[in-house]
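FYI, side chains are in, hydrogens and waters are out, and symmetry mates aren't considered; it's all heavy atoms of this structure. Every chain is numbered from 1 and lettered A, B, ... according to where its sequence line falls, protein lines coming before strand lines.
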Amino acid sequence: MTTSRKHSANVDTEISAGESPSGGQLPLSQRAMARTGAPYLQGLNSEQRLAVETLEGPVLVLAGAGTGKTRVLTTRIGHILATGLARGSEILAVTFTNKAAHEMKERVGSLIGMAVEGMPWLGTFHAIGVRLLRRHSELVGLKSGFTILDTDDQIRLLKQLLEAEKLDAKRWPARQLANMIDGWKNRGLIPSKVPAGEGHSFAEGRGVKLYAAYQARMKELNCVDFGDLLLECLRLFQEHSDVLAMYHQKFKYILVDEYQDTNVAQYLWLRLLAQGTKNICCVGDDDQSIYGWRGAEVENILRFEKEFPGGKVIRLEQNYRSTGHILAAASAIIAENKGRLGKTLRTDDAMGHKVLVQGFWDDAEEARMIGQRLEEMRKTGDNLNQCAILVRASFQMRAFEDRFVTMGLPYRVIGGPRFYERLEIKDATAYLELTVNPTNDLKFERILNTPKRGLADATLQVLHNHARARSLHLMQAAREIVETEELKPKARKSLRDLLAQFDGWRSHVAHMPHTELAQMILDESGYTTMWQQDPNPTARTRLENLKELIRFLGEFETLQGFLEHVSLVMDVDAGDDGERVSIMTLHGAKGLEFDTVFLPGWEEGLFPHQRSLDESGVSGLEEERRLAHVGITRARKFAAISFTQNRRVHALFQSQMPSRFVDELPEAHVEVAAARTGYSNGGAYAQSRFDEPAAGFTHQYETPGWKRAQAQFAQQANTFQRGAPPLRQQKRPVTIDGDLVASSARASSTYKVGDQVRHDKFGAGTVAEIDGNKLTVDFADSGRKKVVETFVSLL
DNA sequence: GTTCGCTCACTTTTT
DNA sequence: GTGAGCGAAC
């Protein structure tokens with residue numbers, strides 16, 4: 001490190017003075033670069049610089065925690081572009097998450113000052129997969145407008161298949177089948193390639209047959225699931241060598257982020273593409289591979305040199321994040337693992353605080369003590385945003401939430417259900433999707449009777465039969481059915497009304513702003529009303545979410561653009577401010593860092609998790625250990641590990657043993673928290689049972705006072721967290737809100753023909769027609785438009 | 001067609 | 001202890 005700092009300093013001198021002692025040792029090209037100015041290379045250490053500049057041939061960058069992995073990746077892209085070796089469109093850069101893709105785009109952009117559009121092939125495996133498939137859909141038996149199934153749709157489809165096979169849904173749950181199929185897809189196996197015997201575990205050996213049926217059905221519906229986005233690409237490349245050759249030509253450089261998380265399918269995909277230039281650079285850390293359970297193969301990274309002949313391995317071992325003791329503790333733990341490539345992290349930072357190890361009586365005490373510590377920190381001015389509690393399993397979060405609610409300590413839970421996984425958001429997008437694309441049967445099923453309109457299973461059955469007999473999609477089948485006597489009058493009318501509504505909405509797609517159309521759809525369909533009338537307190541949040549959805553929709557040009565995005569990008573950043581402690585799982589914390597990290601629940605059976613040990617034995621244990629390593633390395637300045645003697649496991653209290661990982665911590669870098677009464681006899685780590693007279697506390701969880709506090713907090717949190725609503729209502733027109741009734745039902749409009757109105761987007765205009773809450777307005781600048789009245793104001 | 005109540009399972013989670 | 005999902009009763 002020191003050498004490289006000197007080194008970059010030399011480059012500086014060289015530019016100004018034109019001479020340098022080390023200048024002569026540098027390759028010409030690099031000296032030239034330094035002269036023309038390669039500011040992005042400055043500040044890199046020698047390892048990083050090597051990783052950036054080794055462009056030819058396969059390279060594996062083993063980037064330990066906090067060693068500047070993303071920096072290397074983005075600088076490498078910048079370097080390729082700056083040296084003119086390839087254009088943005090000739091670089092394939094893949095990540096796992098959208099978040100990572102975004103970050104990379106942003107950082108490359110600011111590094112090079114280049115437009116993001118210049119890198120069309122920077123994205124997630126799945127996003128790039130879609131892109132490839134859309135281009136060549138016909139070659140894999142799809143039509144270009146194919147849709148992507150989410151997990152919900154997938155399960156729904158599988159359920160139908162199971163039903164058709166007359167299999168007991170209870171004995172053979174669709175979810176299990178879905179997992180099995182996903183597993184196969186992760187391994188790049190199409191139905192015919194599944195090893196004999198594997199499907200036998202499901203439904204008396206019908207597993208593979210069901211998989212094949214599922215694939216066939218998806219083709220009929222012109223859709224794919226997430227796994228297919230890769231699998232179908234593989235098939236495309238394997239069966240159409242000309243297409244593959246084209247991409248070999250195209251992609252001059254390939255970069256892969258988080259390589260340790262790739263599954264077999266992704267590996268095969270990469271290998272096929274890398275056969276072209278062989279310039280593939282994989283960045284990853286075998287010590288941070290924690291996704292084995294969802295198909296990631298650490299083997300991919302361990303075997304890199306074998307699989308990519310001539311490949312170089314570059315290790316980044318200089319850690320810029322954590323202080324000495326923390327790094328030493330993390331290193332000692334991971335050193336226990338056998339199957340690893342091996343790295344030695346080092347830091348120039350001070351030793352800092354030792355890692356604190358502390359035992360507690362139970363999870364309530366654990367939460368209380370951590371809460372207390374956080375409170376003290378807050379009082380002394382520490383930023384709670386820089387503090388995190390990282391748990392192994394989400395049920396552990398509860399104790400902390402309960403405690404923090406009582407204390408009034410602000411916190412945020414990261415990793416709950418994603419925005420687009422919420423029921424109301426899925427329902428709403430289903431309506432939007434159907435308006436644009438009436439052939440999406442799974443979405444049609446989803447909303448047919450939501451809100452309740454008397455169109456349940458019986459009706460659906462009729463529609464299904466008709467659709468199958470005449471090979472129509474459900475919406476079309478419905479159209480034909482309402483013309484017959486097939487349905488009871490009530491259902492028939494209800495269905496006819498629904499179809500008419502969709503026709504109405506569809507007629508607006510072309511000329512009505514899509515946010516307004518979306519609002520109209522949600523109002524007229526009765527969906528908003530459904531939640532407004534729901535006495536459940538969660539309904540409020542759901543309405544808020546719908547509002548957020550409309551707002552988010554506004555960030556897209558068109559409805560179609562939005563929907564395409566939604567199927568792949570499953571998250572919206574809910575920008576919330578205010579200082580809060582983060583509570584999240586260890587998995588969720590990967591890639592993040594905090595000044596202070598609490599690691600509770602280090603107990604045998606919980607961490608390492610029993611199930612991990614049972615199901616995967618030693619490799620399971622090693623993955624858990626990597627998780628421990630990930631956890632500790634999240635901390636910059638302070639890490640506190642704790643365990644409890646007693647924990648509620650399911651319903652009952654269990655006596656717990658400290659995790660074996662606790663004993664693997666190096667004595668020299670750990671401080672065992674001394675309980676106030678002294679624990680020092682016995683040799684075990686502190687049991688702070690006597691620490692604090694727990695008496696009064698245990699009961700308070702049922703007291704009315706506590707419940708009140710909780711309710712109050714929840715309310716506050718609601719208004720506070722969701723923040724803007726009251727404010728936003730004043731600033732911009734209300735979209736969906738508690739008091740907005742299904743607006744088309746409202747008899748009279750507040751406007752009359754001839755009124756002069758203003759619209760945010762279209763400017764001033766004159767009302768020409770009124771239809772319920774929809775106005776036809778002649779705008780001075782934009783001509784005649786249909787708009788929803790809440791979007792305009794009187795001039 | 002809807003609602004109620006019983007049973008079951010319960011680690012991690014992205015796209 | 002709790003929530004989801006399914007089947008049986010209204």
Side-chain angles (χ1 to χ4, degrees), chain A residues 94-101 123-130 148-155 159 168-171 173-176 179 182 185-186 224-231 258 261-263 265-266 289-296 390-399 402 414-418 420-421 423 448-461 488 490-491 494 538 565-571 584-591 601 605-616 620 623-624 626-627 630-631 648-653 701-702:
Chain A
V94 276
T95 64
F96 275 84
T97 63
N98 291 298
K99 202 175 145 207
T124 62
F125 275 102
H126 298 269
I128 289 169
V130 178
I148 301 158
L149 298 191
D150 58 28
T151 319
D152 259 27
D153 298 333
Q154 199 184 356
I155 300 280
K159 267 189 190 146
D168 181 10
K170 223 166 190 167
R171 209 158 123 67
R175 193 159 290 279
Q176 192 188 330
N179 285 338
D182 278 347
K185 290 192 171 177
N186 284 339
V224 293
D225 65 16
F226 285 123
D228 286 339
L229 294 179
L230 285 161
L231 211 55
E258 304 280 16
D261 288 340
T262 50
N263 60 36
Q266 286 156 340
S289 165
I290 54 174
Y291 285 112
W293 50 272
R294 64 176 196 217
L390 309 182
V391 298
R392 172 67 244 265
S394 34
F395 75 82
Q396 290 173 261
M397 293 177 178
R398 217 199 144 105
D402 283 357
I414 298 183
R418 301 259 168 295
Y420 288 109
E421 278 164 9
L423 182 76
L448 182 61
N449 202 27
T450 312
K452 304 259 185 307
R453 43 170 84 86
L455 300 172
D457 294 357
T459 313
L460 186 59
Q461 203 55 52
K488 295 207 181 86
K490 225 173 150 185
S494 183
T538 58
H565 197 69
V566 162
S567 52
L568 280 176
V569 181
M570 296 298 281
D571 215 354
M584 64 181 103
T585 63
L586 286 160
H587 284 92
K590 196 170 105 175
L606 175 58
F607 190 35
H609 200 279
Q610 193 57 47
R611 202 140 147 186
S612 209
L613 301 178
D614 292 346
E615 281 169 13
S616 320
E623 181 152 318
E624 295 283 305
R626 290 193 289 268
L627 205 46
V630 167
R648 249 213 192 82
V649 174
H650 289 142
L652 41 141
F653 264 101
Y701 286 77
E702 280 106 39

| remark: Rounded to whole Å, the CD-P distance (Q610(A) to dA9(B)) equals 18 Å
| said: Taking any heavy-atom pair under 4.0 Å as a contact, classify D457(A): base, sugar-phosphate, or nothing. | reply: sugar-phosphate
| said: Please determine whether a side-chain nitrogen or oxygen atom of T585(A) lies at a distance below 4.0 Å from atom OP1 or OP2 of dT13(B). | reply: yes
| request: For E615(A), answer base if it contacts any base atom (sugar-phosphate contacts may also be present), sugar-phosphate if it contacts only those atoms, and nothing otherwise; contact means non-hydrogen atoms under 4.0 Å. | output: base
| query | Between atom OG1 of T459(A) and atom CZ of R453(A), what is the distance when rounded to the nearest 0.5 Å? | reply | 11.5 Å
| remark: Regarding the side chain of R648(A), the nearest nucleotide among dG1(C), dT2(C), dT15(B) is dG1(C)
| Qualifying residue for side chain to side chain contact (heavy atoms under 4.5 Å, CB included) with L390(A), from M584(A), H587(A), Q396(A) | M584(A)
| field | Test applied, side chain to side chain contact (heavy atoms under 4.5 Å, CB included); reference residue, I148(A); option that passes from D225(A), V130(A), D153(A) | value | V130(A)
| task | May I have the distance from R398(A) (atom CZ) to dC10(B) (atom C1'), rounded to whole angstrom? | result | 14 Å
| task | Have a look at E624(A) and say if it touches a base, only the backbone sugar-phosphate, or nothing, with a 4.0 Å heavy-atom cut-off. | result | base
| task | Report the distance from atom NZ of K490(A) to atom P of dT2(B), rounded to the nearest whole Å. | result | 9 Å
| field | A456(A), nearest nucleotide to its side chain (from dT15(B), dT12(B), dG1(B)) | value | dG1(B)
| Residue Y291(A), side-chain atoms from C-beta onward, closest of dT3(B), dT12(B), dT13(B) | dT13(B)
| task | Could you state the atom-to-atom distance from CG of L606(A) to P of dC10(B) in whole Å? | result | 16 Å
| request: Nearest-nucleotide wise, let me know which of A458(A) and L229(A) is further upstream toward the 5' end of DNA chain B. | output: A458(A)
| In whole Å, what is the span from the CE atom of M584(A) to the C1' atom of dT13(B)? | 15 Å
| For G227(A), does its backbone N or O pair with a side-chain atom of D182(A) as donor and acceptor, under 3.5 Å? | no
| task | For K159(A), answer base if it contacts any base atom (sugar-phosphate contacts may also be present), sugar-phosphate if it contacts only those atoms, and nothing otherwise; contact means non-hydrogen atoms under 4.0 Å. | result | sugar-phosphate
| query | Measuring from K159(A):NZ to R175(A):CZ, what's the distance to the nearest 0.5 Å? | reply | 7.5 Å
| field | E258(A) CD to dT15(B) P, straight-line distance once rounded to whole Å | value | 12 Å
| field | Atom pair distance, as rounded to whole Å: CZ in R453(A) and C1' in dT2(B) | value | 16 Å
| Starting at the 5' end of DNA chain B and moving along, which residue's nearest nucleotide shows up first, G227(A) or R392(A)? | R392(A)
| request: Just compare dT15(B), dT11(B), dT2(C) and give me whichever is closest to any side-chain atom of H126(A). | output: dT15(B)
| remark: L613(A) CG to dT12(B) P, in whole Å, measures 16 Å
| query | Once the angle between the rings of H126(A) and F226(A) is folded into 0 to 90°, is it parallel (under 30°), tilted (30 to 60°) or perpendicular (over 60°)? | reply | perpendicular
| message | Side-chain N or O of T459(A) versus OP1/OP2 of dG1(B): is the shortest distance under 4.0 Å? | response | yes
| field | Residue-phosphate contact under 4.0 Å: R611(A) side-chain N/O, dC10(B) OP1/OP2 | value | yes
| said: With a cut-off of less than 4.0 Å, is there a side-chain N or O of K99(A) near OP1 or OP2 of dT13(B)? | reply: no
| message | Is W293(A) stacked against the base of dT12(B), taking the criterion as centroid distance under 5.5 angstrom and interplanar angle under 30°? | response | yes
| Which whole number of Å gives the distance between the C1' atom of dG5(C) and that of dT12(B)? | 23 Å
| query | Is the aromatic ring centre of H609(A) closer than 5.5 Å to the centre of the six-membered base ring of dT11(B), with the two planes inclined by less than 30°? | reply | yes
| message | dT2(B), OP1 or OP2 - any side-chain N/O from N449(A) closer than 4.0 Å? | response | yes
